[in-house]
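One structure is given below, encoded as structure tokens.
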There are 2 protein chains.
Amino acid sequence: MVQIPKKEPARRSVPTSADVARLAGVSRATVSYVLNNTSAVRISEPTRRRVHAAARELGYVPHAAARSLRAGHSRMVLMPTSETPLGPLLSQFFNELQWALSRLDYTVVQYASLGMTGEDAARAWAELRPVAVLSPDASALGPRGVEVLKRSGAKAVFTLGPQRVEGAHALLMDGRRVGEAAALHLLARGRRRIGAIVPEEPGLEIFSEPRVEGLRKALRAVRITGASLTEVPLAYDEASAARLAARWRSLGLDGVFAYNDEYAMLLLRALQDEGVAVPDETAVVGSDDLMLGRLLRPRLSTVRIELPSGRGLAELVDRVVRDPGTEPEVHDVLGADVVHRESS
Amino acid sequence: MVQIPKKEPARRSVPTSADVARLAGVSRATVSYVLNNTSAVRISEPTRRRVHAAARELGYVPHAAARSLRAGHSRMVLMPTSETPLGPLLSQFFNELQWALSRLDYTVVQYASLGMTGEDAARAWAELRPVAVLSPDASALGPRGVEVLKRSGAKAVFTLGPQRVEGAHALLMDGRRVGEAAALHLLARGRRRIGAIVPEEPGLEIFSEPRVEGLRKALRAVRITGASLTEVPLAYDEASAARLAARWRSLGLDGVFAYNDEYAMLLLRALQDEGVAVPDETAVVGSDDLMLGRLLRPRLSTVRIELPSGRGLAELVDRVVRDPGTEPEVHDVLGADVVHRESS
DNA sequence: TTGAAAGCGGTACCAA
DNA sequence: TTGGTACCGCTTTCAA
């Protein structure tokens with residue numbers, strides 16, 4: 001390993017295309033032509049080489065802001081990061097989406113707009129002049145926020161959550177599907193007095209409320225006499241679970257949808273410690289089909305959630321960007337079906 | 001040049017400060033003064049109001065690229081997203097960091113540079129001219145990448161992972177600590193023939209290798225005769241775990257560090273199904289102190305990892321940005337201690 | 001108190 | 001095949 005002494009002047013300023021031009025002995029226009037491989041203009045091979053060499057020597061990197069300022073548009077897709085950390089399912093989905101978008105030559109950028117809401121956040125995003133915005137949180141955006149973004153040049157505004165908002169395309173991930181699937185399964189297993197675990201952690205209402213609503217809707221729809229729904233708050237810690245388990249029998253529930261597999265595991269353990277038989281006394285159904293659920297005894301029944309491929313969605317975004325005239329559409333993208341194992 | 005009359009409402013183009021100036025009947029300079037509250041210049045109250053009203057009416061949002069182009073610098077902190085999804089521990093840490101940075105008035109942006117590596121990625125990042133770059137993946141960056149970023153004007157380049165790289169500040173999260181803690185604990189519990197689960201999933205080597213190295217180092221250091229380390233590959237699925245469990249006794253291990261709590265849970269279940277007694281025959285230690293580990297029976301012993309507060313790190317970044325002259329420092333930020341429960 | 005104008009770094013049109 | 005140059009939107013002297 002060779003130690004290279006640092007004798008270069010540290011405060012060298014950032015090289016621009018003018019510096020490259022000067023070093024190569026050509027004009028800035030030529031530099032631009034060469035580095036962008038402009039097909040409308042033919043540059044001689046020797047010149048090309050000189051320009052490339054100069055650029056490399058200076059470590060020249062074009063300035064994205066200057067470029068998009070001149071171009072009047074960018075290929076930046078902005079994805080505001082949600083404040084609540086997402087589970088493995090959604091992170092996987094967003095990862096895939098990001099990857100697919102960058103395959104389509106978009107620059108995907110996640111932007112942390114913490115603390116602000118609605119129009120304020122939208123304005124902050126709009127300052128970056130993204131060509132498209134994919135917002136996981138529709139409710140925080142609002143119709144006015146959508147308007148701000150469009151006014152600032154965004155060709156496509158999508159919301160990606162359980163909510164939708166006027167003016168924006170929606171990838172509706174309808175959590176009610178999850179609740180419905182769970183309810184129908186529990187009913188089919190002969191359960192009637194159904195509980196719905198509701199996480200006490202703030203920020204999770206966005207997910208839990210639609211699921212509960214789905215349960216309620218399904219119970220109403222089947223019109224089975226004696227079927228009932230009870231919302232049961234639970235914090236994600238052992239003490240809370242133990243307290244709930246201690247009064248479990250007083251609730252008189254014979255089936256419970258536990259919000260997701262993690263809460264289900266917490267509840268299952270607490271119930272077992274309390275001597276409540278699962279599934280005999282109470283059937284337990286989780287959601288998300290995590291690996292951990294398969295490892296429990298009894299194995300955890302769960303609602304498997306299907307999300308669309310990131311590739312398909314990326315193409316949809318691309319289509320809307322190319323043809324911004326299209327009316328906002330709602331795409332119903334969440335599939336839910338029950339994986340029946342041993343806990344129900 | 002013929003002045004083309006501009007139909008006001010017809011063209012829904014993005015409003016600029018010139019539009020605001022025209023509507024308010026002032027110059028662009030005045031608009032800038034008013035909207036930025038420039039203290040060096042005093043603008044009369046009536047003018048202020050007219051400008052604000054005009055801006056609001058047009059839905060004017062300043063153009064961040066134009067602004068930072070003119071200013072010659074930005075307050076953007078770039079955090080390349082790692083390709084491998086991070087666990088709850090790290091996501092929490094990054095969230096906190098983001099929040100703290102935006103409190104310090106930085107614009108935090110996560111950039112997906114998928115597929116590229118090293119200098120290519122660095123060049124892509126450099127195009128955005130961030131004032132600071134916080135890269136979770138030091139190995140992909142490389143010294144040349146750091147150089148590219150600095151040349152493009154980045155005042156601070158940090159790496160945030162188990163690796164470090166020349167020229168960049170490092171928040172060294174030394175996974176060897178985790179392995180060491182686990183090894184010392186297992187040795188203290190009288191275990192000698194230690195196994196190290198190595199996930200087969202690609203991308204996890206960055207985390208697993210240092211942990212194994214830590215185990216090895218600790219075993220060497222104590223110089224207990226008969227102490228040995230065996231690397232045991234395991235994929236994150238039941239079949240792989242079952243296969244491993246079936247040949248477990250042939251490995252002759254009396255203790256195992258299972259990489260993290262999830263792999264530990266997978267292994268634990270497979271061992272139990274195979275009739276291997278835990279901890280009597282084999283002690284199992286996980287890592288990350290997830291809730292799920294507490295719910296297992298036996299309760300899972302685990303290595304609790306401590307990461308610094310995002311706030312402190314944000315201040316460190318801010319300090320380096322303000323004084324870019326400081327020599328790159330290595331901050332050792334990962335603490336590891338064992339939470340002894342029942343599986344060891 | 002306000003305005004005219006230069007210029008940040010690129011791109012692309014028009015000439016040479 | 002190349003160069004000159006206007007301009008993208010904004011900030012900031014310098015004058016008025």
Side-chain angles (χ1 to χ4, degrees), chain A residues 13-51 54-55 58-76 126-129 131 151-153, chain B residues 1-4 11 13-51 54-55 58-75 126-129 131 151-153:
Chain A
S13 68
V14 183
T16 72
S17 76
D19 297 318
V20 177
R22 207 170 305 130
L23 183 59
V26 299
S27 72
R28 296 194 310 148
T30 304
V31 170
S32 176
Y33 294 144
V34 170
L35 296 183
N36 296 312
N37 258 316
T38 309
S39 53
V41 183
R42 302 187 54 74
I43 303 287
S44 72
E45 200 48 45
T47 306
R48 301 187 86 82
R49 268 200 290 274
R50 287 219 313 285
V51 170
L58 293 176
Y60 168 72
V61 175
H63 193 307
R67 181 188 307 217
S68 69
L69 180 60
R70 170 62 225 228
H73 59 87
S74 75
R75 306 236 344 134
M76 184 198 299
E127 289 193 2
L128 301 181
R129 297 290 191 273
V131 69
R151 267 251 206 296
S152 79
Chain B
M1 188 179 291
V2 183
Q3 190 71 19
I4 298 172
R11 252 294 186 247
S13 72
V14 184
T16 72
S17 75
D19 297 319
V20 176
R22 209 170 304 130
L23 183 58
V26 298
S27 73
R28 289 160 57 214
T30 304
V31 170
S32 177
Y33 294 144
V34 171
L35 296 184
N36 294 314
N37 260 315
T38 309
S39 52
V41 185
R42 304 184 55 77
I43 303 287
S44 70
E45 201 48 45
T47 306
R48 300 187 87 82
R49 267 199 289 275
R50 287 220 312 287
V51 169
L58 293 176
Y60 170 71
V61 175
H63 194 307
R67 174 180 298 182
S68 69
L69 180 59
R70 169 63 224 237
H73 58 87
S74 76
R75 305 235 346 134
E127 290 194 1
L128 301 181
R129 295 291 192 273
V131 68
R151 268 248 210 300
S152 79

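Every chain is numbered from 1, with letters handed out A, B, ... down the list of sequences. The analysis underlying the following values was restricted to heavy atoms, covering all of them including side chains, and did not include hydrogens, waters or symmetry mates.
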Checklist entry - Can you tell me how far CG of A/D19 sits from OG of A/S13, rounded to the nearest 0.5 angstrom? => result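 Atom-to-atom, A/S13:OG and A/D19:CG are 6.5 Å apart.
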Using every non-hydrogen atom in the two residues, find where [X] and [Y] come nearest and quote the distance to one decimal.
X	Y	result
A/A18	A/R28	CB-CD, 3.7 Å
B/L128	A/A64	CD2-CB, 4.0 Å
A/P15	B/R151	CD-O, 3.8 Å

Checklist entry - For the helix from C/dT1-D/dA16 to C/dA16-D/dT1, how many degrees between its two end axes (five pairs per end), to the nearest 10°? => result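 For the helix from C/dT1-D/dA16 to C/dA16-D/dT1, the axes at either end differ by 40°.
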Please list every donor-acceptor pair under 3.5 Å in which a side-chain atom of residues 33-41 of chain B meets a protein atom from a residue at least two apart or in another chain.
| from | atom 1 | to | atom 2 | distance (Å) |
| --- | --- | --- | --- | --- |
| B/N36 | ND2 | B/S32 | O | 3.0 |
| B/N36 | ND2 | B/S32 | OG | 3.3 |
| B/N37 | OD1 | B/R48 | NH2 | 2.7 |

Tell me the interatomic distance from [X], atom [atom1], to [N], atom [atom2], rounded to whole angstroms.
X	N	atom1	atom2	result
A/H73	C/dT11	NE2	P	11 Å
B/L128	C/dG10	CG	P	13 Å
B/N37	C/dT1	CG	P	14 Å
A/R22	C/dG10	CZ	C1'	15 Å

Next on the checklist: Generate the contact string for nucleotides 8-16 of chain D. Rules: B means base contact, S means sugar-phosphate contact only, - means no protein heavy atom under 4.0 Å.
Outcome noted: BBBBBB---
Checklist entry - Base, sugar-phosphate, or nothing: which does B/T47 touch, judged by heavy atoms less than 4.0 Å apart? => result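 Touches sugar-phosphate only.
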Item to check | Partner set under side-chain hydrogen bond (donor to acceptor under 3.5 Å, both in side chains) for A/T47, not counting sequence neighbours | outcome: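 For A/T47, the residues satisfying side-chain hydrogen bond (donor to acceptor under 3.5 Å, both in side chains) (neighbours in sequence not counted) are A/S44.
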Checklist entry - Quick one: side-chain contact (heavy atoms from CB on, under 4.5 Å) partners of A/A71, sequence neighbours excluded? => result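 Applying side-chain contact (heavy atoms from CB on, under 4.5 Å) to A/A71 gives A/H73.
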Checklist entry - Who pairs with B/L69 by side-chain contact (heavy atoms from CB on, under 4.5 Å), at least two apart in sequence or on another chain? => result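 Partners of B/L69 under the side-chain contact (heavy atoms from CB on, under 4.5 Å) test: A/H63, A/A66, A/L69.
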